[in-house]
Amino acid sequence: SLEAEGRSAAQFSLYALLYGSYWVCNVTTFVLPSETFEPEVRSSLNGLSAAAGKVGAILGTTIFEKLLGGFDDENEGVRAILFLCTAASSL
């Protein structure tokens, strides 16, 4: 039917959009260092930046889980996490 065909087209479009978004992250991982860092230190600082990102992800998930568990109301915990993210982003 026409409705099923429209649904299939919408699902495929969403799939293509999400699949394509995975490539963007990898492209920026390699393109940004080549534009940001000098050639003499590019590989070292690219590795350091990648490591800092991994450490930040590990710390973030650990701290956020403990912070969220420290509140009786889940909404207050989420509010505290968002405030912490806002404070970190403003630095």
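Since the model is a prediction, treat every value here as computed from it, not as a measurement. The figures that follow rest on heavy atoms only: side chains count, while hydrogens, waters and symmetry mates do not. For the single chain, residues carry numbers from 1 onward in sequence order.
- Here L14 pairs with L18 under the side chain to side chain contact (heavy atoms under 4.5 Å, CB included) rule; sequence neighbours left out.
- Remark: the backbone N or O of A87 is paired with a side-chain donor or acceptor of S90 at under 3.5 angstrom.
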Considering only distance and modelled atom types, tabulate donor-acceptor pairs under 3.5 Å from the side chains of residues 67-84, sequence neighbours left out.
unit_1 : atom_1 : unit_2 : atom_2 : d
D73    : OD1    : N75    : N      : 3.4

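- T62 pairs by the side chain to side chain contact (heavy atoms under 4.5 Å, CB included) definition with I58, K66, not counting sequence neighbours.
- Evaluation of the side chain to side chain contact (heavy atoms under 4.5 Å, CB included) rule for Q11 yields R7 as partners, not counting sequence neighbours.
- Grouped by direct or indirect side-chain proximity (heavy atoms under 4.5 Å, Ile/Leu/Val/Met/Phe/Trp/Tyr only), F37 sits with V41, L45, L48.
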